[in-house]
Amino acid sequence: MHRAKPIWTHITIQVSNIEQSIAFYERWCGMTIVRDRRITGGNTVWMGSYADSDKQRDLLLVLDPEPVTDRMRHFGFQLENLIDLDAMAVEAEQAGILAAPPTLLGGELGHYLMIRDPDGHDVEFTVGQPIRGLQ
C-alpha cells in the first residue's frame with residue numbers, strides 16, 4: 001500500500017492565559033501570530049517563526065486556552081552565539097523565568113539554557129548544536 005509521506009505542521013499546547021503566552025513567545029522566541037482563530041469564532045492562536053532564507057515557517061505553535069493538564073518536555077530554539085545565550089540568561093533571571101543557567105554539555109550538544117513559560121512549559125535555547133543538515 002502506498003501512502004503519502006506526512007508533513008510536519010504544528011504543536012499544540014494548553015495555556016491558562018492566552019495573552020500572557022502570546023507575549024512570552026513573541027518576546028523570548030521571536031514568534032508572531034500567524035493565525036488568530038478568535039477573530040473567526042475559534043479560540044486558538046497560531047504562532048510561527050521563519051526559517052532563515054526561504055521565508056517558510058519552520059515552526060508553528062498553537063496556543064489552546066484550556067486548563068493546563070499536560071506539559072511537553074521542552075521546546076528547542078537555536079541562538080547564534082554564546083553572547084546571545086548569556087544575555088538571554090541575564091534577562092530571564094531578571095524576569096524570574098530562568099529554569100537552568102547556561103551550561104556546557106559538550107560534544108554535539110553544545111551550550112544550553114532553559115527558561116519557563118507562564119504555564120510551566122520549558123523552552124530550551126542552545127548554541128553549537130548541529131541542527132541544520134541532520135540526515
Side-chain angles (χ1 to χ4, degrees):
M1 176 167 89
H2 174 69
R3 287 188 351 171
K5 179 182 172 188
I7 298 170
W8 181 273
T9 60
H10 68 279
I11 296 170
T12 300
I13 61 170
Q14 299 164 326
V15 298
S16 60
N17 182 314
I18 202 160
E19 295 302 329
Q20 276 186 335
S21 294
I22 290 167
F24 175 89
Y25 286 99
E26 285 176 339
R27 176 179 179 195
W28 295 100
C29 302
M31 301 179 90
T32 59
I33 294 173
V34 296
R35 177 176 292 151
D36 190 339
R37 295 205 52 236
R38 298 174 297 176
I39 295 169
T40 58
N43 64 347
T44 60
V45 171
W46 293 43
M47 301 195 73
S49 62
Y50 283 113
D52 290 337
S53 61
D54 59 8
K55 294 299 180 196
Q56 297 295 314
R57 297 288 175 182
D58 61 354
L59 174 65
L60 286 176
L61 176 64
V62 179
L63 306 177
D64 188 6
E66 297 283 335
V68 179
T69 58
D70 297 304
R71 290 189 179 85
M72 297 191 69
R73 175 65 182 99
H74 68 264
F75 299 104
F77 290 84
Q78 182 95 287
L79 296 174
E80 288 194 30
N81 56 60
L82 292 175
I83 293 170
D84 292 340
L85 190 78
D86 290 338
M88 177 174 277
V90 170
E91 286 184 58
E93 178 71 33
Q94 291 170 348
I97 61 170
L98 185 64
T103 303
L104 172 60
L105 296 174
E108 62 186 24
L109 298 178
H111 290 77
Y112 88 103
L113 68 75
M114 195 80 70
I115 64 176
R116 194 156 287 142
D117 86 357
D119 291 299
H121 302 288
D122 285 341
V123 182
E124 176 189 68
F125 292 87
T126 61
V127 173
Q129 284 188 3
I131 303 299
R132 299 241 184 244
L134 287 176
Q135 301 294 323

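Computed over heavy atoms, backbone and side chain alike; hydrogens, waters and symmetry mates excluded.
Considering only heavy atoms from C-beta on, Pro102 stays 4.5 Å or farther from Phe125 through its side chain. The side-chain heavy atoms of Val123 and Tyr25, taken from C-beta on, include a pair separated by under 4.5 Å. Contact check for Pro118 versus Asn17: no side-chain heavy atoms found under the 4.5 Å cut-off. Side chains of Thr103 and Met114 form no contact here, defined as non-hydrogen atoms less than 4.5 Å apart. Two residues are said to be in side-chain contact when any heavy atoms from C-beta on lie closer than 4.5 Å; Val45 and Ile22 meet this criterion.
Sorted by first and then second residue, the salt bridge (charged side-chain N to carboxylate O under 4.0 Å, His left out) pairs involving residues 83-105 (not counting sequence neighbours) are Arg27-Glu91.
The ring pair (Phe, Tyr, Trp, His ring centres under 6.0 Å) test applied to Phe75 returns no partner, not counting sequence neighbours.
One hydrophobic cluster, built from ILVMFWY side chains closer than 4.5 Å, cannot hold both Ile97 and Val68; they sit in different ones. Neither Val90 nor Val127 shares a network with the other; the hydrophobic side chains, linked directly or stepwise wherever heavy atoms of I, L, V, M, F, W or Y lie under 4.5 Å apart, form separate groups for each. One hydrophobic cluster holds both Ile11 and Ile115 under the rule that ILVMFWY side chains link at heavy-atom gaps under 4.5 Å.
Pairing each heavy atom of Asp119 with each of Val15, the nearest pair is OD2-CA, 3.2 Å. The minimum heavy-atom distance between Ser21 and Leu63, with the atom names listed, is CB-CD1, 3.9 Å. In terms of heavy atoms, Ala99 sits closest to Arg116 at CB-NH2, 3.5 Å. Leu61 and Met31 make their closest contact through CB-CE, 3.9 Å (heavy atoms, listed as atom of the first residue, atom of the second, distance). For the pair His121 and Ile13, the tightest heavy-atom approach, listed with the atom from each and the gap, is CD2-CD1, 3.8 Å. Across Leu113 and Leu85, no two heavy atoms sit closer than the pair CD2-O, 3.2 Å.
Residue His111 holds its NE2 atom at 4.5 Å from CG of Leu82, rounded to the nearest 0.5 Å. Residue Met47 holds its CE atom at 5.5 Å from CD1 of Ile33, rounded to the nearest 0.5 Å. Between the CD1 atom in Ile18 and the CG atom in Asn43 there is a gap of 7.0 Å [rounded to 0.5 Å]. Atom-to-atom distance recorded for Trp46:CH2 and Asp36:CG is 12.5 Å, nearest 0.5 angstrom.
Not one N or O on the side chain of Asp64 forms a donor-acceptor pair closer than 3.5 Å with the backbone of Glu66. Side chain of Gln14 to main chain of Thr69: a donor-acceptor pair is present (N/O by atom type, distance under 3.5 Å, no hydrogens or angles).
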